[in-house]
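Accompanying notes for the structure given below.
Throughout, protein chains are lettered first and strands after them, A, B, ... in sequence-line order, and every chain is numbered starting at 1. Worth saying up front: this structure is predicted, and the values here are computed from it rather than measured.
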Protein chains: 4
Amino acid sequence: MTTVDPGLSRLERRKAETRREIIDAAFACFAEQGYHATGIADIAARLGIGHGTFYRYFENKRDIVEHVIDDLITRIVETLGAENAPDAVDTLEGYREQSARIGEALARIFAEDPRVPQLLIAAAGIDDAMRDKMLDLFELTTPLTAAYLEHGVQVGYLRADLDVEPTAQAINGMILGSVLAALRDPTPERQARLSAAIRAVMYDGIAVR
Amino acid sequence: MTTVDPGLSRLERRKAETRREIIDAAFACFAEQGYHATGIADIAARLGIGHGTFYRYFENKRDIVEHVIDDLITRIVETLGAENAPDAVDTLEGYREQSARIGEALARIFAEDPRVPQLLIAAAGIDDAMRDKMLDLFELTTPLTAAYLEHGVQVGYLRADLDVEPTAQAINGMILGSVLAALRDPTPERQARLSAAIRAVMYDGIAVR
Amino acid sequence: MTTVDPGLSRLERRKAETRREIIDAAFACFAEQGYHATGIADIAARLGIGHGTFYRYFENKRDIVEHVIDDLITRIVETLGAENAPDAVDTLEGYREQSARIGEALARIFAEDPRVPQLLIAAAGIDDAMRDKMLDLFELTTPLTAAYLEHGVQVGYLRADLDVEPTAQAINGMILGSVLAALRDPTPERQARLSAAIRAVMYDGIAVR
Amino acid sequence: MTTVDPGLSRLERRKAETRREIIDAAFACFAEQGYHATGIADIAARLGIGHGTFYRYFENKRDIVEHVIDDLITRIVETLGAENAPDAVDTLEGYREQSARIGEALARIFAEDPRVPQLLIAAAGIDDAMRDKMLDLFELTTPLTAAYLEHGVQVGYLRADLDVEPTAQAINGMILGSVLAALRDPTPERQARLSAAIRAVMYDGIAVR
DNA sequence: GATGAATGAGTTTTCATTCAT
DNA sequence: CATGAATGAAAACTCATTCAT
């Protein structure tokens, strides 16, 4: 996914490639069996390398899981960032469409490969630092969403009295909920209904006018 | 917390008490150090009992964590159930107040003792069965919330076109988000703002009318 | 089996009775599950007594197995002794009949309750002292058999050049073999054929005259 | 004892060697202290290796004792097989000599290293499967001896009316008895007398003609 | 005297990490 | 540089034995 940097000697390139492979193998192992149930030997075996070799590329087990998670976070953030352009939208209609697009992008990451949310959940249980990293990831999305809201308020199609940041958090909570729901029932129809409900709540609220 | 049943011999009472103490000690250990970092010896040491004694009360490590989590879930569900009375509310205003009350009850459980959400998160990483139990817990709240919505629609103060169940999930997602947010920033002001924002989104939506 | 001594107070009689019951229960447990697989709790549970009570009657696990085995040996030796009367037989024919009778008595002990040889074998594996006790039991039969041979030689129907003691050992070896064989194939026909073969070897040898 | 297969890489050879060493060390430990009293740590310590290393070569304690015993049985069977050639003997005299040779071969195994019979006895007490394996070993010798008898009957120097198989069992019982006797009194004179007595019983019987 | 709750020594087993080849 | 053999810390779990009730 992340392409290997160019301009390196062949050896360095090969090394970076192996690192990549180890990260991918570790990702698969951790997601499938969990962090503690995964042994370094499992990761190495999946790649067909000696497990001593692993230690030439990563310090220790903690190190690799750190990299796996960071890699994952990078991918998620990149995906979000790619779709992210709050100031490119100037009407409520356009905004609704943008919301749907971002939702789809997230679905692509989370629902397409259920190992992704599984690993994120599992990671939160490794230790305090990891749990914090996961919470950070969740919090990190707040400003992204907040930027949209802010823009919408300024342009005038969102309520002027929005408490932007907490509102962004609330919205992201709904997205998180849909990611978790997808783990139990990943049928597209279900996802679509949930996604529609989220947008309905967001834009119209639930109260009768 | 849960009081020990009466009408038992002194020995039986003492035994039930010890079980309770072990569950509480295990809760503390798991929440503070995580499941894997906690040894049976740690739990026993915290209570000042021999670690062999532990095995007189619980089958094994898996057994105790199961009980700790089930105990926790019971407490949460009981709390929710106590505040739960969808048909006791007949106006939108009453409904808003009820929402606030439930939110506060949850805050009492989660924010008062941050070890509770910490443990729930950590538990999700233990194994597949535990992760599913946690997701179940999250899903379990859907019908509770849905019952409220359903009632509100019937009485007429909620929009007739609500897709009730997914909407309930969306709302619960916001609540989950606020629980997670509380782990990072547990200041009451922050919580209050978030809670207010959730209710604002719920009832009014974010769009300008 | 061994009757409880009379002339004791009621309490003493009760105590002796409980000892007997514990020995019997332990015999059953050791024979069925083996010495190491048997816990004191198993023995107590089989009797429906508390396992603390066990220690009022026997020092420890080693103590009980010692008593179980000694009890068993006593029973075997008594059985052998009851049939044993070398000087009551004065003809080869009578001798052959006597052999058959002893063989049957042994079969009654060993074949009737296969737990007996099973326990003796298992006991030999407990520790050096026990193994020696089992070997002692085997050796102990040598003088019994030797007495018969001696008598037969003196009376004149057995070969004068018999090296009595080793010959007795050889004969007892055949008996031991038949006990072991009975464990694998306890059908009476098989036992009868083996018993007949032993007597044929003993009295006639295998060589053509 | 069993030589390590050639034609292997140095590492493979070293590995096979270590396996052998572990089997030998385990043999010594089991024979000296018994199966249950022997810890994996004892076996490892005797070799000066870490006890984790043990688990690179054998699954668990049961696995190693299985190998130790199978190894022992193989050695015994090979020894018996090497001396075994029923049809190479055509006279009663040759037959008697052959018997003596086999007896000596067994004595070499059993009497030379008393740990061998000790281990076989101890093994019988490990569990049901092991006890059966030991009884199998004893039974396995029946057809070997029976083949000799059969041949002798056909050639004509053994009684035509022999019930061959049970007779073979009876003879093997005598041999077993002598093995056990050797454990208590391993003096060669004693062994020689017993061996002579066995042959006397076999060929001539004990009765006066 | 009976009981069974408590205890902890002792064992097996796993696996991250090191390092000689 | 890759390898996997070796290692031992660490953890779960059992059960004989003690002793307060």
Side-chain angles (χ1 to χ4, degrees), chain A residues 11 14-15 18 36-45 47-65, chain B residues 9-12 14-15 17-19 36-45 47-64, chain C residues 11 14-15 18 36-45 47-65, chain D residues 9-12 14-15 17-19 36-45 47-64:
Chain A
L11 235 74
R14 177 75 197 111
K15 191 150 189 182
T18 303
H36 281 100
T38 297
I40 298 299
D42 296 321
I43 299 171
L47 270 177
I49 65 173
H51 61 278
T53 308
F54 169 90
Y55 285 91
R56 302 210 146 269
Y57 292 86
F58 295 93
E59 281 293 305
N60 52 35
K61 198 179 172 181
R62 188 56 218 273
D63 188 29
I64 180 68
V65 78
Chain B
S9 79
R10 199 147 67 77
L11 239 78
E12 276 166 327
R14 177 77 196 109
K15 220 168 166 187
E17 219 173 278
T18 303
R19 257 186 91 83
H36 281 100
T38 298
I40 298 301
D42 297 321
I43 299 171
L47 274 176
I49 64 174
H51 62 281
T53 306
F54 169 90
Y55 287 94
R56 292 186 58 71
Y57 292 87
F58 296 93
E59 285 289 307
N60 50 39
K61 200 176 169 183
R62 189 57 216 269
D63 189 27
I64 181 66
Chain C
L11 236 75
R14 177 77 198 109
K15 191 150 187 180
T18 303
H36 280 101
T38 297
I40 298 299
D42 296 322
I43 299 171
L47 270 175
I49 64 173
H51 63 279
T53 309
F54 170 90
Y55 286 92
R56 300 209 148 269
Y57 293 87
F58 295 93
E59 283 291 307
N60 52 37
K61 197 178 173 183
R62 187 57 217 271
D63 188 28
I64 181 66
V65 78
Chain D
S9 80
R10 199 147 66 78
L11 237 77
E12 277 166 327
R14 176 78 196 111
K15 224 175 160 178
E17 220 173 276
T18 303
R19 257 186 92 84
H36 281 101
T38 297
I40 298 301
D42 297 322
I43 298 171
L47 273 176
I49 64 174
H51 62 281
T53 306
F54 169 90
Y55 286 94
R56 293 186 58 74
Y57 291 87
F58 295 93
E59 284 290 307
N60 51 38
K61 200 175 167 184
R62 187 59 217 271
D63 189 28
I64 180 68

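- Note that NE2 of A:H36 and NE2 of B:H36 are 5.0 Å apart. Values are rounded to the nearest 0.5 Å.
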What would the secondary structure line of DNA chain E be in dot-bracket form, counting Watson-Crick and G-U wobble pairs under 3.5 Å, with [ ] for pairs that cross earlier ones and | for pairs with another strand?
-> .||||||||||||||||||||
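- Residue whose closest nucleotide on DNA chain F sits further toward the 5' end, between D:G48 and C:A37: D:G48.
- Between the CG atom of D:D63 and the P atom of E:dT13 there is a distance of 10 Å, rounded to whole Å.
- The distance from atom OG1 of C:T18 to atom CD1 of C:I49, rounded to the nearest 0.5 Å, is 7.5 Å.
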Using a 4.0 Å heavy-atom cut-off, write out nucleotides 16-21 of chain E from 5' to 3' as B (base contacted by protein), S (sugar-phosphate only) or - (no contact).
-> SBB--S
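- Not one side-chain nitrogen or oxygen of B:T53 sits closer than 4.0 Å to the OP1 or OP2 atom of E:dA5.
- The distance from atom CG of D:D42 to atom P of E:dG10 is 12 Å, rounded to the nearest whole Å.
- Rounding to whole angstrom units, NZ of residue C:K15 and C1' of E:dA2 are separated by 11 Å.
- Rounded to whole Å, the distance from CD1 on D:I64 to P on E:dT12 is 13 Å.
- Atom-to-atom, CD1 of A:I43 to P of F:dG4 comes out at 16 Å; the value is rounded to the nearest Å.
- Straight-line distance from the CZ atom of D:R14 to the C1' atom of F:dA6: 11 Å, rounded to whole Å.
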Tabulate below the donor-acceptor pairs under 3.5 Å that side-chain atoms of residues 51-59 of chain B make, not counting sequence neighbours, or state none.
from	atom 1	to	atom 2	distance (Å)
B:T53	OG1	B:G50	O	3.3

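- In this structure, C:I40 CD1 and C:I64 CD1 are separated by 7.5 Å, a value rounded to the nearest 0.5 Å.
- Contact between the side-chain N/O atoms of D:Y57 and the OP1/OP2 oxygens of F:dA6 is found at a separation under 4.0 Å.
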Any chance you could lay out the salt bridge (charged side-chain N to carboxylate O under 4.0 Å, His left out) test for D:E12 and D:K15, step after step, and finish with the verdict?
-> CA-CA 5 Å; D:E12 277 166 327; D:K15 224 175 160 178; over 6 Å; no
